[in-house]
J.: 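Got a structure for you, written out below as structure tokens; questions coming shortly.
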Amino acid sequence: MSIELNALGKAYTADEWVLQNVTAHIESGEFFAIVGPSGCGKSTLLRMIAGLIPISTGELQIDGKVATDLPPKDRQLTMVFQSYALFPFLSVTDNVAFGLKARKFPAKEIEERVTKAIKLVNLEEFKDRRPRDLSGGQRQRVALARAIASDAKVCLMDEPLSNLDAQLRIKMRTELRNLQQELGLTVIYVTHDQVEAMTMADHIMVLHDHKIQQIGTPLDIYNRPANTFVASFFGTPRMNLLPARVTADRELTLADTLKLALPKPVPVADYIVGIRPTSLYLVPQGKGDPNAQVKTVEYLGAQILLEAELSDGTPIELTADPDDVYRTGDWLSVGIDGNAYVFDHAGEVQFMVEGGRQHASRSHASAQA
Amino acid sequence: MQAEVTPAPKPKADQSAAISRQRAKGYNLHAGDKYYAFAFLGPSLLVLGTFVFYPMLRTLYLSLFLTDNVGRPTVFVGLKNYIGLLTSSAYQASLQATAIYVIAVVALTLILGLLLAQLAAKKLAGIQWFRTIFSATMGVSVSVAAIFWLFIFSPSIGLFDQIGSFLHLPIVAWLTQPGPAMTAVVISTVWMNLGFTFLILFGALQMVPQSLYEVSAIEGASESYQFFHVTIPMISPTLFFTSTVTLIGAFKSFGLIDLMTAGGPNNATNLLVYRVYQDAFLSGNYGLASAESVILAVIIALFTLLQFKFLEKRVTY
């Protein structure tokens, strides 16, 4: 079942919009992630789709039919909550059967569906337990089984993995994704964790500041961020955003330190240039002018994350080889060898400069005027 | 209690034996500890002994005697007080009246309390006001409530009869006819109980996670289905608590009865507790009153036990 969000908006008071103009098309069988920092309205959007809170403006279509004002039970969807929302007084079986009983399905069908759902999430040996006798991961599975048993083809998930420990969360990501594929479910998945969205979703909607920032595949979002927010929200370590000025016909100078050659001339204005830490490299000692000083050194195992300061004081993060030794206060020579994203002063992306290794040379603010 | 540790047969085990001997000592009080224990327990033992245990035993003792009019036992009569009571038609009528009263009070208090709590849980403008009003009877004393209800129930000029006459209904002499009198005391008692019951149930409702209702709504449960399959089980511990407290309270109702009907008319509202009061302090029949007290205590204990036995099974914590 496909879902169509048509200029959805939510306001609690006349001029206080929680969400504005949310338009998206969610394909049948798609894993669609809604990502954003806390308070961006992502849970509100999910609840609007579920029918738990009324939609102020716009139209919602489920399976081609207008569902804007339908009560939740008639939207043919199901939901998994962050808190799992299990009934503490019911056994696993009864929790899974809750919706089917409420909808007065025949007992035989309830039993079949419940048994099947419990089997799918591997909880057969726990089916008579109460939620309090289960671990966090098992409770999560019960909530999933309840969603599966309802046979709805759309499943809304509100941060379903947030209450699990890190290892289990990673395991459940794969499991969830496999289950979704196996059952052909359309999943709308709300999370604040960009890694979760990147690893699981077919498409990602990035919400911030009550508005959609970008919708795209994980690859799109990562490689072609629409603005500085999306650019810095996705990817760990975060993308560096450096102030830039036009210093020559086809050249930007970043933070008065790094030079970036442009493929075409640009109007003279203030720009912001985004460079991922992995797109920066260190010039071997003695070959380039030192232009950054190490502030902190973090060993991440496969690489080292250096937090440094460019010579004009702008902080910058870059990765380095873990075999090398860096100390706070060391001077480095940093160059750009990956993609750089040029944003206008409002943060909207203008174009991307494909990566090519250019040696850095030191430039002083006073050299230009 | 941990027994003395048997001496270890081998020197190797000596150490562990010593440790367990030391541990065993921990369970035994030192001579000095005993004094501390009594010092801590003393005050409450004294208070409970004086005001609870001694009166209980004394009541039991007195129930086997005839007494003079200040309560001194005179003639030992064995179980005759009890036999006399249980075969007396007046006492049986009183038992019956108490049963009706208690059942009506408990049922109405819980149902209305839950209804008000449900209403007050709605998110409406000014709901705070109603929450305060609904719980306000907690702050009303029995005597004030009795006077207030006497006015409402007073024949012809009372509020109920005014409304009745407006609707062309016959005038009811609320407090001077057996049936209406029982109705009147039940209404007043329920009203008095409501504040407390409301507050407790309201608190319990607030504790039910919203997500349970949300998931039920999505899974297709109607409002009434949600009420019986989510709300009731979720607040069952509190319902159990309030039902027990209300039941015991109803058996012990005295103030309103005394002030509104004094057990009348024609003993229609002469509940067990009120009989105890009448027989002891109005008739000076302390032996009989003691026997009635004992019977009442047994009834309350029995009902509470039954409640625990049958209701607690349905309670989910």
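Sequence lines set the chain letters: A, B, ... in the order given, protein chains first and strands last, and positions in each chain run from 1.
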J.: Verify, without hydrogens or angle tests, whether A:Arg103 (side chain) and B:Glu219 (backbone) share a donor-acceptor contact under 3.5 angstrom.
T.: yes
J.: Considering residues, nucleotides and ligands other than B:Met56, do more than 12 of their heavy atoms fall under 6.0 Å from its CE?
T.: no
J.: Just give me the residue among A:Ala102, A:Ala85, A:Gly99 that pairs up with chain B most often, heavy atom to heavy atom, under 4.5 Å.
T.: A:Ala102
J.: Rounded to the nearest 0.5 Å, what separation is found between the NZ atom of A:Lys104 and the OH atom of B:Tyr225?
T.: 7.0 Å
J.: Does atom CD (A:Glu125) have a neighbourhood of more than 12 heavy atoms from anything else shown, all under 6.0 Å?
T.: no
J.: Testing the basics here: between B:His229 and A:Phe89, what is the closest heavy-atom pair and its distance to 0.1 Å?
T.: O-CZ, 3.1 Å
J.: Check the surroundings of atom CZ in B:Phe228: do more than 12 heavy atoms from other residues, nucleotides or ligands lie under 6.0 Å from it?
T.: no
J.: Above 12 or not: heavy atoms from other molecules or residues under 6.0 Å from CD of B:Gln118?
T.: yes
J.: Could you give me the CA-CA distance, side-chain angles and deciding distance for A:Phe98 and B:Val215, then say whether side-chain contact (heavy atoms from CB on, under 4.5 Å) is met?
T.: CA-CA 10 Å; A:Phe98 185 88; B:Val215 89; 5.7 Å; no
J.: Run the side-chain contact (heavy atoms from CB on, under 4.5 Å) test on A:Phe81 and B:Leu212 for me, step by step, so that the C-alpha distance in whole Å, both residues' side-chain angles and the decisive distance to 0.1 Å come before the verdict.
T.: CA-CA 10 Å; A:Phe81 290 76; B:Leu212 293 185; over 6 Å; no
J.: Is it true that atom CZ of B:Phe254 has more than 12 heavy atoms of other residues, nucleotides or ligands lying nearer than 6.0 Å?
T.: yes
J.: Could you tell me if the side chain of A:Lys73 sits less than 4.5 Å from the side chain of B:Ile218, heavy atoms only?
T.: no
J.: Hey, is B:Glu214 close enough to A:Arg47 for a salt bridge, meaning N to O under 4.0 Å?
T.: yes
J.: Using non-hydrogen atoms only, which part of A:Ser83 is less than 4.5 Å away from chain B: side chain, backbone, both, or neither?
T.: side chain
J.: Has A:Gln61 got more than 12 heavy atoms of other residues, nucleotides or ligands less than 6.0 Å from its CD?
T.: yes
J.: Answer whether the closest heavy-atom distance between the side chains of A:Gln82 and B:Ser211 falls below 4.5 Å.
T.: no
J.: Measure distances from A:Leu156 to the heavy atoms of chain B and classify the residue's part below 4.5 Å as side chain, backbone, both or neither.
T.: neither
J.: For B:Phe303, does the CZ atom have more than 12 heavy-atom neighbours from other residues, nucleotides or ligands under 6.0 Å away?
T.: no
